[in-house]
Novice: 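Got a structure for you, written out below as structure tokens; questions coming shortly.
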Amino acid sequence: MDQFLIKKRNPVLFPKSAEDFRLQLDALKGELKALIADNPAGKDFYLDTAAQVAVDLRSWLAQWVLVNLVKAEDIEKASDELLTFAEELGGKDAADKARAEIASIAASSIRKMCDMTKAGEANTVWGHDYASGLTYSLRRGARWVTSNPCKIQAFKKDFPEHYQDLVAEIKRENAGADASVMAAQMFTKVCAISARALYPIFEATDKQYGFVCMQVDPREVKNTEAMIQQVDFWYDAMKKELGVEEPNVVFKLPAVEPAFKAAEALLQKNYKLCMTLNFTVTQHAAFAEILSKGSKPGYLVLMAGQLDDQIAKELEAKGVADAKVIARHGSEAVMRKSYKMLADKGYKNLSIMTAAVRGPWHIQNSFAPVDGATFMITTVPGKIKEFDENPAPIASVMDQPVEEKYLEILRTSEVFNKALCSPEEGLLTWENIYDYPPFVAFFNQFTAAYQEIEDDFK
């Protein structure tokens, strides 16, 4: 976790003025020197912090505020100052590693996509899909963080001691509360780590980006009132945890029929919503109509990888050669049909969010035309590394038809046909969504993970 780095870099990366930038930079160096003097054993850590802030200055983090206040050459000079500062105090290894990271960021294709979107030459943005490791993504232009029960479990696995400290802290703060309340507070604690790091972006973008997505208890997938109550609970809990009047949170609801009224009620309270467990045009169409009535942007997830996985299983059972490769065009077709549907209806305040990214192809398929709604991608650093190593042209393919040779095979898949059908065709009903293979696969993972979190408090 990078909480110390985040605390030290934010005043430098998000200053009030050019003069404040210089003051914050000098203050950082002075503070790190003092910390080294007080704790010589921590010298390597503190010098690495200086080198890492130098990296941040040469990353996409500088694009939010700093480039509007300070000349590019002065930002670069400040970065070099910090690297020299580290080297002169014995941190050559840290400085060398920082220079390698600076070069990696400069060569990153996903960073180039963010540059192009800022310049109006592209229209796709991306977010971090994990509960830690956020710095890597922020440096390459990530704008938000998603979470779900599986991400909380990953945090537990990655940081077992810190997780147990949080369990103890939550028990102290919620003495006598039900285990379900304390499990919900684990989401508060873990998501708040990312929310603090993102809050300067939330402020810099007039609250458009810099948010954390929090997913309601999947075990209550058919309980409208429970969804509403948990969102209310989390909004108040995050206000308290972050010490802000408006927490930088987007709430994820399942794209199922009981969420119709939940979404309508929550929009009335002015919450920002994202519909998850979403695989089909039918789901997108229904919730687009609801979310479009909200005063804030709304998000429609497309869990592309899980959809493709289930299509591939079906095709493999039929003996289709190259089933996995052909199945990739399943989510591609759904993505393009849904995007056109939203455009035709004029839903400019809605974005499709590609999730469950399996490889560079899902990123490439998410490039949107510059004159339409922004397309969003949520993925993990490993998939960004794959894309950077195998870059594709950053140009929209959203209006291109899927090749007929793939569609001919895809149409033999019941999973694909239900995903692509329009609501009028009725191949997928709200009653049978709970048996739809892509839905079942992720739903079972989410419910098991949430239950395990709750069990930690029993």
Side-chain angles (χ1 to χ4, degrees), residues 129-131 146-156 180 183-184 186-187 191 213-231 234 250-263 266 273-287 299-314 327 330-331 334 338 352-358 362 378-380 413-421 427-455:
D129 195 20
Y130 209 67
T146 55
S147 73
N148 60 49
C150 296
K151 304 302 178 187
I152 305 300
Q153 287 296 335
F155 181 90
K156 175 182 177 181
S180 63
M186 180 57 78
F187 282 81
C191 290
C213 294
M214 299 178 71
Q215 182 173 329
V216 298
D217 187 344
R219 299 170 303 175
E220 301 287 2
V221 70
K222 297 183 180 180
N223 189 333
T224 299
E225 191 56 36
M227 295 181 204
I228 297 171
Q229 289 175 359
Q230 189 168 40
V231 168
W234 268 338
V250 169
F251 298 102
K252 294 167 73 173
L253 306 182
V256 294
E257 191 172 22
F260 288 169
K261 291 185 178 179
L266 293 168
L273 302 181
C274 175
M275 306 311 302
T276 189
L277 286 170
N278 217 326
F279 309 90
T280 73
V281 173
T282 293
Q283 290 171 291
H284 281 172
F287 283 99
Y299 312 104
L300 300 164
V301 168
L302 177 65
M303 301 180 105
Q306 185 58 249
L307 174 60
D308 293 349
D309 291 348
Q310 297 301 320
I311 293 171
K313 283 184 181 180
E314 215 177 350
S331 62
V334 172
S338 282
I352 297 174
M353 184 186 289
T354 302
V357 170
R358 296 291 188 258
H362 281 142
T378 175
T379 190
V380 296
S413 162
E414 184 179 356
V415 170
F416 173 74
N417 289 329
K418 287 182 177 179
L420 192 65
C421 77
L427 294 180
L428 182 76
T429 68
W430 294 108
E431 290 75 21
N432 66 29
I433 189 72
Y434 302 105
D435 298 318
Y436 186 53
F439 184 97
V440 171
F442 258 145
F443 177 74
N444 287 345
Q445 291 179 40
F446 290 159
T447 52
Y450 204 105
Q451 185 62 53
E452 186 176 335
I453 297 165
E454 187 169 310
D455 289 344

Novice: Counting C-beta onward and ignoring hydrogens, is there a side-chain heavy-atom pair between D455 and Q451 closer than 4.5 Å?
Specialist: yes

Novice: Kindly give the heavy-atom pair with the smallest separation between I453 and P149, and that separation in Å.
Specialist: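 Taking every non-hydrogen atom into account, CD1-O, 3.9 Å.
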
Novice: Decide yes or no for R219 and E454: does some side-chain heavy atom of the first lie under 4.5 Å from some side-chain heavy atom of the second?
Specialist: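 When only atoms from C-beta onward are counted, E454 and R219 do touch, with a gap below 4.5 Å.
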
Novice: If you define the side chain from C-beta out and look only at heavy atoms, does anything of L266 sit under 4.5 Å from I228?
Specialist: yes

Novice: Can you list everything that forms a side-chain hydrogen bond (donor to acceptor under 3.5 Å, both in side chains) with S338? Sequence neighbours excluded, please.
Specialist: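 Only H284 meet the side-chain hydrogen bond (donor to acceptor under 3.5 Å, both in side chains) criterion with S338.
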
Novice: To the closest 0.5 Å, what do you measure between CD (Q229) and OG1 (T224)?
Specialist: 11.0 Å

Novice: Please work out which of the three classes, parallel, tilted or perpendicular, describes the rings of W234 and F187, given edges at 30° and 60°.
Specialist: tilted

Novice: Do side-chain atoms of N278 reach the backbone of A255 as a donor and acceptor pair under 3.5 angstrom?
Specialist: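 No; zero donor-acceptor contacts below 3.5 Å.
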
Novice: Could you tell me whether the side chain of D308 reaches within less than 4.5 Å of the side chain of R358, counting heavy atoms only?
Specialist: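 The answer is no, as the side chains (C-beta and beyond) never meet within the 4.5 Å cut-off.
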
Novice: Can you sort out the partners of Y130 under ring-ring contact (aromatic ring centres under 6.0 Å, His included), two or more places apart, ordered by chain and number?
Specialist: none

Novice: If the plane angle is over 60° it's perpendicular, under 30° parallel, otherwise tilted; pick one for F439 and Y434.
Specialist: perpendicular

Novice: Tell me, which pairs form a salt bridge (charged side-chain N to carboxylate O under 4.0 Å, His left out) where one or both residues lie in residues 434-450, sequence neighbours left out?
Specialist: none

Novice: Tell me the closest heavy-atom pair linking L428 and T282, and the distance in Å.
Specialist: O-CG2, 4.2 Å

Novice: Does the side chain of Q310 come under 3.5 Å of the side chain of E314 through a donor N or O and an acceptor N or O?
Specialist: no

Novice: Ignoring hydrogens, what is the shortest heavy-atom contact between V221 and M227? Give both atom names and the distance.
Specialist: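 In terms of heavy atoms, the two residues are closest at O-CE, 3.2 Å.
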
Novice: So with a 6.0 Å cut-off around CD of E414, is the heavy-atom count from everything else above 12?
Specialist: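 At most 12 heavy atoms, drawn from other residues, nucleotides or ligands, come within 6.0 Å of this atom.
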
Novice: Minimum heavy-atom separation for A449 to Q153, with atom names?
Specialist: O-NE2, 3.1 Å

Novice: Under the criterion side-chain contact (heavy atoms from CB on, under 4.5 Å), which of L302, V256, V301, L253 is the partner of M275?
Specialist: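 Of the listed residues L302, V256, V301, L253, the side-chain contact (heavy atoms from CB on, under 4.5 Å) partner of M275 is L253.
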
Novice: To the closest 0.5 Å, what do you measure between CE (M353) and OG1 (T276)?
Specialist: 9.0 Å

Novice: Hey, is the main chain of A226 close enough, under 3.5 Å, to the side chain of E220 for a donor-acceptor pair?
Specialist: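 Side chain of E220 to backbone of A226: no pair is present.
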
Novice: So, taking the atom named SG in C213 and the one named CG in N148, what distance separates them when rounded to the nearest 0.5 Å?
Specialist: 10.0 Å

Novice: Calculate, to the nearest 0.5 Å, the distance between atoms CZ and CG belonging to F446 and L277 respectively.
Specialist: 5.5 Å

Novice: Can you name the closest pair of heavy atoms from P437 and V415 and give their distance?
Specialist: CG-CG2, 4.0 Å

Novice: Checking Q306 side chain against F279 main chain: does a donor-acceptor pair fall under 3.5 Å?
Specialist: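 No, the answer is negative, given that no donor and acceptor are paired below the 3.5 Å cut-off.
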
Novice: Say you draw a straight line from CD1 of I311 to OG of S413; how long is it, rounded to the nearest 0.5 Å?
Specialist: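 That separation rounds to 5.0 Å.
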
Novice: Return yes if some donor-acceptor pair links the side-chain N/O of K151 with the main-chain N/O of D129 below 3.5 Å, else return no.
Specialist: yes

Novice: Would you call Y436 and T280 a side-chain contact if the rule is heavy atoms closer than 4.5 Å?
Specialist: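 Contact flag for Y436/T280 side chains = yes.
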
Novice: According to salt bridge (charged side-chain N to carboxylate O under 4.0 Å, His left out), does anything in residues 253-263 pair up with another residue at least two apart or in another chain? List the pairs.
Specialist: none

Novice: As a quick check of understanding, evaluate side chain to side chain contact (heavy atoms under 4.5 Å, CB included) for T379 and H362, giving each step before the final call.
Specialist: CA-CA 10 Å; T379 190; H362 281 142; over 6 Å; no

Novice: Would you mind reporting whether P438 and D309 have side-chain heavy atoms less than 4.5 Å apart?
Specialist: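 When only atoms from C-beta onward are counted, P438 and D309 do not touch, as no gap falls below 4.5 Å.
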
Novice: Please find the pair of heavy atoms, one from F155 and one from A131, that lie closest to each other, and give the distance.
Specialist: CD1-O, 3.8 Å

Novice: Pairs in or reaching into residues 437-450: which pass side-chain hydrogen bond (donor to acceptor under 3.5 Å, both in side chains), with residues at least two apart or in two chains?
Specialist: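 Of all non-adjacent pairs touching residues 437-450, those that pass side-chain hydrogen bond (donor to acceptor under 3.5 Å, both in side chains) are Q230-Y450.
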
Novice: Return the set of residues passing salt bridge (charged side-chain N to carboxylate O under 4.0 Å, His left out) with K252 (not counting sequence neighbours), or none when no residue passes.
Specialist: none

